[in-house]
2 protein chains.
Amino acid sequence: MEIIIDIEDTEPLFSQLIKQIKQAVQNGSVSPGDALPSIRQMANDFGMNSKTVAKAYSLLERDSVIQTRGYRGTFIHPDARNNCTVDLNAWVLQELRNKIEAFKKAGVTDSEIRIGFSSAMNALNS
Amino acid sequence: MEIIIDIEDTEPLFSQLIKQIKQAVQNGSVSPGDALPSIRQMANDFGMNSKTVAKAYSLLERDSVIQTRGYRGTFIHPDARNNCTVDLNAWVLQELRNKIEAFKKAGVTDSEIRIGFSSAMNALNS
DNA sequence: ATATGTACCGTGTATACTATTGGTACAAGG
DNA sequence: CCTTGTACCAATAGTATACACGGTACATAT
């Protein structure tokens, strides 16, 4: 598995890491069950903070691309190859587009939509 | 109809204007069919820019609280009393809350939701 | 000429928000 | 003592955007 992190890139580091790992899974560079470097290991190798790697790992686990087994380390998920093609964000995007389109047809202003979105997010966080 | 605009208030001017007019309708200070001051008139009376008043008027017309008849001026909508209780923004808020709640249950991060929202808004504007 | 609402171009400012990153500490286990 | 993953709190910098404002122009009609 070959990973290249470009600090100059505008793309966030954790996002780069996710992409690279998913690519490695799809390339076949890594197989289900393979062990991944630990969070701190990975952080040292690329000069990143361990929190940044942890963020990437937690997102990858949510998507069932990897599996964390606590102190035993992190491994490629059995169904990694399928799961890393599923794009949760694309689903979110589509759903939101439909809603926003409906709002606009009703005459709602962009500003009002944005304000409503902010309110909704705040309401669900407190 | 008595209108009071407070520049010191943090609430936007156009928003204050909308509220006051809706209140006047509900109070009965104005009745359906009554004429409203013209945009420029209203702007002069309160020392506001005419664009600010125009914004308030256009939103009120969208909500069918007032009716603009071009060069003939602006009047209170026949169904103003009912329509000014309908809150379009509340509807938007509720719809978005439902969607966001569904996203969160699926494990989508707040950040990802926000990014998806931005993307959707941009996509529908270009 | 004057008045109506509306549309387009623009400017600036202040604010609020958020993503990213970092540091520290914890429980569980070898 | 070492590792594993994870949770908490904090600071920074950058972005985005809402808001108000200005000017000009148009078609319409008195």
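Only heavy atoms go into these numbers, but all of them, side chains included; no hydrogens, no water, no symmetry mates. Here the structure is a predicted model, which means the values were calculated and not measured. Lettering follows sequence order; numbering is per chain, from 1.
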Problem set entry | Under 4.0 angstrom between A:Ser50 side-chain N/O and C:dG22 OP1 or OP2 | no

Exercise. If only side-chain N and O atoms of B:Thr52 are considered, is one of them under 4.0 Å from the OP1 or OP2 phosphate oxygen of D:dC21?
Worked result: yes

Exercise. Could you write nucleotides 25-30 of chain D as a row of B, S and -, 5' to 3', where a protein heavy atom under 4.0 Å of any base atom gives B, of only sugar-phosphate atoms gives S, and otherwise -?
Worked result: B--BS-

Exercise. Expressed in angstrom and rounded to an integer, what is the separation of B:Asn89 atom CG from D:dA18 atom P?
Worked result: 13 Å

Exercise. Within the structure shown, what part of the strands sits under 4.0 Å from A:Ser118 by heavy-atom distance: base, sugar-phosphate, or nothing?
Worked result: nothing

Exercise. For B:Phe14 and D:dC21, what is the distance between atoms CZ and P respectively, to the nearest whole Å?
Worked result: 12 Å

Problem set entry | Under 4.0 angstrom between B:Arg114 side-chain N/O and C:dA19 OP1 or OP2 | yes

Exercise. Pick the nucleotide of DNA chain C nearest each of B:Ile115 and B:Gly70; which residue has the one closer to the 5' end?
Worked result: B:Gly70

Exercise. Does A:Ser111 place a side-chain N or O at less than 4.0 Å from the phosphate oxygens OP1/OP2 of D:dA18?
Worked result: yes

For this session: Describe the nucleic acid contact of B:Ser58 in one word from base, sugar-phosphate, nothing, applying a heavy-atom distance below 4.0 Å.
Result: nothing

Result block: side-chain N/O donor-acceptor pairs under 3.5 angstrom for residues 92-102 of chain B, not counting sequence neighbours:
residue: B:Gln94; atom: NE2; partner: B:Asn98; partner atom: OD1; Å: 3.2
residue: B:Glu95; atom: OE1; partner: A:Lys99; partner atom: NZ; Å: 3.1
residue: B:Lys99; atom: NZ; partner: A:Glu95; partner atom: OE1; Å: 3.1

Run the side-chain donor-acceptor check on residues 25-44 of chain A: report pairs under 3.5 Å with partners two or more places apart or on a different chain.
residue: A:Asn27; atom: ND2; partner: A:Gln23; partner atom: O; Å: 3.4
residue: A:Asp34; atom: OD2; partner: A:Ser31; partner atom: N; Å: 2.9
residue: A:Ser38; atom: OG; partner: A:Gln41; partner atom: N; Å: 3.1

For this session: Would you mind reading off the distance between A:Asp110 atom CG and D:dA18 atom P, rounded to a whole angstrom?
Result: 8 Å

For this session: Report whether A:Leu59 and A:Ile5 are members of the same hydrophobic cluster (ILVMFWY, side-chain heavy atoms less than 4.5 Å apart, transitive linking).
Result: yes

Exercise. Is A:Leu60 reachable from A:Phe75 through a run of I, L, V, M, F, W or Y residues, each pair having side-chain heavy atoms under 4.5 Å apart?
Worked result: no

For this session: Could you state the atom-to-atom distance from CG of A:Leu17 to C1' of C:dT21 in whole Å?
Result: 14 Å

Exercise. OP1, OP2 of D:dA20 versus side-chain N and O of B:Asn49: anything below 4.0 Å?
Worked result: no

Exercise. What's the closest nucleotide to the B:Pro12 side chain, out of D:dG23, D:dC19, C:dG5?
Worked result: D:dC19

Exercise. Applying the side-chain contact (heavy atoms from CB on, under 4.5 Å) test to A:His77, which of A:Val65, A:Asn83, A:Ile66 qualifies?
Worked result: A:Asn83

Exercise. Should we count CD of B:Glu11 as having more than 12 external heavy atoms under 6.0 Å?
Worked result: yes

Could you give the side-chain donor-acceptor pairs of residues 112-121 of chain B under 3.5 Å, partners two or more places apart or in another chain?
residue: B:Glu112; atom: OE1; partner: A:Arg62; partner atom: NH1; Å: 2.4
residue: B:Glu112; atom: OE1; partner: A:Arg62; partner atom: NH2; Å: 3.3
residue: B:Glu112; atom: OE1; partner: B:Thr109; partner atom: N; Å: 3.0
residue: B:Glu112; atom: OE1; partner: B:Thr109; partner atom: OG1; Å: 3.4
residue: B:Glu112; atom: OE2; partner: A:Arg62; partner atom: NH2; Å: 3.0
residue: B:Ser118; atom: OG; partner: B:Arg114; partner atom: O; Å: 3.3
residue: B:Ser119; atom: OG; partner: B:Ile115; partner atom: O; Å: 3.0

Exercise. A:Glu11 near the nucleic acid: base, sugar-phosphate alone, or nothing, with a heavy-atom cut-off under 4.0 Å?
Worked result: nothing

For this session: Give a yes or no on this: more than 12 heavy atoms of other residues, nucleotides or ligands lie within 6.0 Å of atom NZ of B:Lys104.
Result: yes

For this session: Kindly give the heavy-atom pair with the smallest separation between A:Thr68 and A:Glu61, and that separation in Å.
Result: OG1-OE2, 2.8 Å

Exercise. What is the distance from CG of B:Leu60 to P of C:dG5, rounded to the nearest Å?
Worked result: 13 Å

Seminar exercise, completed: Of A:Gly47 and B:Thr74, the one whose nearest nucleotide on DNA chain C sits closer to the 5' end is B:Thr74

Problem set entry | For atom CE of A:Met42 and atom P of D:dT3, their distance in whole Å | 17 Å

Seminar exercise, completed: The bend of the helix from C:dA1-D:dT30 to C:dG30-D:dC1, taken between the axes of its five terminal pairs at each end and rounded to 10°, is 10°

Problem set entry | Non-neighbouring partners of A:Lys55 that pass salt bridge (Lys or Arg N to Asp or Glu O under 4.0 Å), sequence neighbours left out | none

Exercise. To the nearest angstrom, how far is B:Lys51 atom NZ from C:dT11 atom C1'?
Worked result: 12 Å

Exercise. Hey, does the side chain of A:Ser38 come within less than 4.0 Å of D:dT3's phosphate (OP1/OP2), counting only N and O?
Worked result: no

Problem set entry | Shortest side-chain distance from A:Thr68, nucleotide among D:dA20, D:dG5, D:dC8 | D:dG5

For this session: For A:Lys55 and D:dC8, give me the distance from atom NZ to atom C1', rounded to whole Å.
Result: 16 Å

Exercise. Touch check for B:Glu112, heavy atoms < 4.0 angstrom, all strands: base, sugar-phosphate only, or nothing?
Worked result: nothing

For this session: With side chain to side chain contact (heavy atoms under 4.5 Å, CB included) as the test, would you mind laying out the steps for B:Trp91 and B:Val86 before giving the verdict?
Result: CA-CA 9 Å; B:Trp91 168 63; B:Val86 178; over 6 Å; no

